[in-house]
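Beneath this line is the structure, given in C-alpha cells, with notes to follow.
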Amino acid sequence: MRLILLGPPGAGKGTQAQRLVEKHGIPQLSTGDMLRAAVQAGTEVGKRAKAVMDAGELVSDAIVNAIVAERIDQADCAKGFILDGYPRTLVQADAVESMLSERGIGLDTVIELVVDDRALVGRIVKRAEDAKAAGQPVRKDDNPAVFEERLREYYKKTAPLTGYYYAKGKLRTVDGMASIDAVTAEIEGVLTAAAKAR
Ligand code: AMP
C-alpha cells in the first residue's frame, strides 16, 4: 500500500502515520524527520536545509526529491510506505509520479486531513510544550511566529495538491478535527473502501 497524507502543519499527519505503521507494517517516510536527521548529523543536505527550515519555508524540491527517491528503494519500502509531509509542491507531486512509474508501481490513495486553521497554532504550541515536558528537544519551528510562515507556505505551495489528486481520482478527505481515534477509524474506513474498489 502506497499512501500520501496531506494537510497543513499540525493537522495530525505524523500521529496518524505512526498508527498506520503499527497497523499495516509499512514505514512512514517523513521528509521533515529525514531533514531534521540530516541537520542533526551535520550532512551537506542538513547544512543547506537548516536555515530554510528554521524560517518555516520549504526546502528545495531537488533536495527532497533526491532524499525520497533514495529512501523508497530501501528494502523496508518493498510492501509500501506512507508519505508524510511529501509531496509539498506540484513539482514534488510530479516527481512522485515519475519515481513510482519508473519502478512500475503506483499510488493507492491520498488522504487529506481537513482541519480548522484556527485550531492549528494551539496544536503546535501544545506539541512544543509536550516535547519539553517529556524532556525531548523542542522543534525550532514549532512556535507561533514560524508557524504562520509554515501555514502560508502550505497555502501557496501545498494546498494546490488537493486539486491535483482530486483530478486524478486519488483524493479522499477525512475530518482532522475529530479525536485521534476517530480520525484513525475514518482513515481505516477510507483504506478499506479503496482496497475494495481496486
Ligand atoms: P514537517 O516536519 O513535515 O512539518 O517539516 C518541517 C520542515 O521541513 C518544513 O517546514 C520544511 O522546511 C521542511 N520540509 C519537510 N518536508 C518538505 C518537503 N516535502 N518539501 C520542502 N520542505 C520540506
Side-chain angles (χ1 to χ4, degrees), residues 2-21 27-72 77 81-100 107 110-115 117 119-132 136-162 164-165 176 183:
R2 283 169 293 270
L3 273 187
I4 291 176
L5 291 181
L6 269 185
K13 300 184 298 293
T15 304
Q16 295 301 329
Q18 290 282 326
R19 292 184 162 206
L20 288 161
V21 167
Q28 166 196 17
L29 308 191
S30 156
T31 41
D33 285 349
M34 293 181 216
L35 289 166
R36 278 185 289 278
V39 170
Q40 196 77 39
T43 65
E44 211 41 57
V45 163
K47 282 181 198 149
R48 283 162 65 188
K50 187 178 184 314
V52 179
M53 293 172 76
D54 287 350
E57 292 162 14
L58 291 189
V59 174
S60 79
D61 291 327
I63 288 182
V64 284
N65 288 342
I67 293 179
V68 174
E70 196 185 311
R71 181 69 184 86
I72 62 173
C77 291
F81 44 78
I82 305 145
L83 293 175
D84 161 15
Y86 178 89
R88 256 176 156 102
T89 65
L90 290 167
V91 171
Q92 292 176 22
D94 282 338
V96 174
E97 289 273 312
S98 313
M99 270 178 226
L100 298 185
L107 198 59
V110 178
I111 297 181
E112 181 193 3
L113 298 179
V114 180
V115 286
D117 287 353
L120 294 177
V121 185
R123 284 190 182 187
I124 291 284
V125 169
K126 185 168 184 309
R127 179 158 79 185
E129 285 168 359
D130 288 350
K132 203 171 166 193
Q136 291 162 354
V138 176
R139 278 175 57 170
K140 238 181 154 175
D141 59 353
D142 270 354
N143 69 70
V146 179
F147 179 76
E148 290 297 330
E149 182 56 27
R150 290 164 67 198
L151 201 56
R152 266 196 296 275
E153 286 282 81
Y154 175 80
Y155 281 110
K156 256 192 291 186
K157 298 173 181 167
T158 311
L161 297 190
T162 57
Y164 177 96
Y165 287 117
V183 175

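Residues: numbered from 1 along the sequence shown. Just so you know, ligand 1 is whichever comes first in the structure, and atom 1 is the first atom listed for that ligand. Here the structure is a predicted model, which is why all the values come from computation and not from measurement.
- Side chain of Arg88 to main chain of Lys157: no donor-acceptor pair is present (N/O by atom type, distance under 3.5 Å, no hydrogens or angles).
- Under the salt bridge (Lys or Arg N to Asp or Glu O under 4.0 Å) criterion, the residue pairs touching residues 7-19 are Arg19-Asp181, with sequence neighbours excluded.
- Listed here is the closest heavy atom pair of Ala38 and Val45: CB-CG1, 4.2 Å.
- Across every non-hydrogen atom of Asn143 and Val146, the tightest pair is OD1-N, 3.1 Å.
- Within 4.0 Å of ligand 1, the residues that place a heavy atom are Thr31, Gly32, Leu35, Arg36, Met53, Glu57, Leu58, Val59, Val64, Gly85, Tyr86, Arg88, Gln92, Arg139, Asp141, Arg150, listed by chain and number.
- Glu153 and Lys156 are joined by a salt bridge, as a carboxylate oxygen and a charged side-chain nitrogen come within less than 4.0 angstrom of each other.
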Evaluate salt bridge (charged side-chain N to carboxylate O under 4.0 Å, His left out) for Arg152 paired with Glu149, printing each intermediate quantity in order.
-> CA-CA 5 Å; Arg152 266 196 296 275; Glu149 182 56 27; 2.9 Å; yes
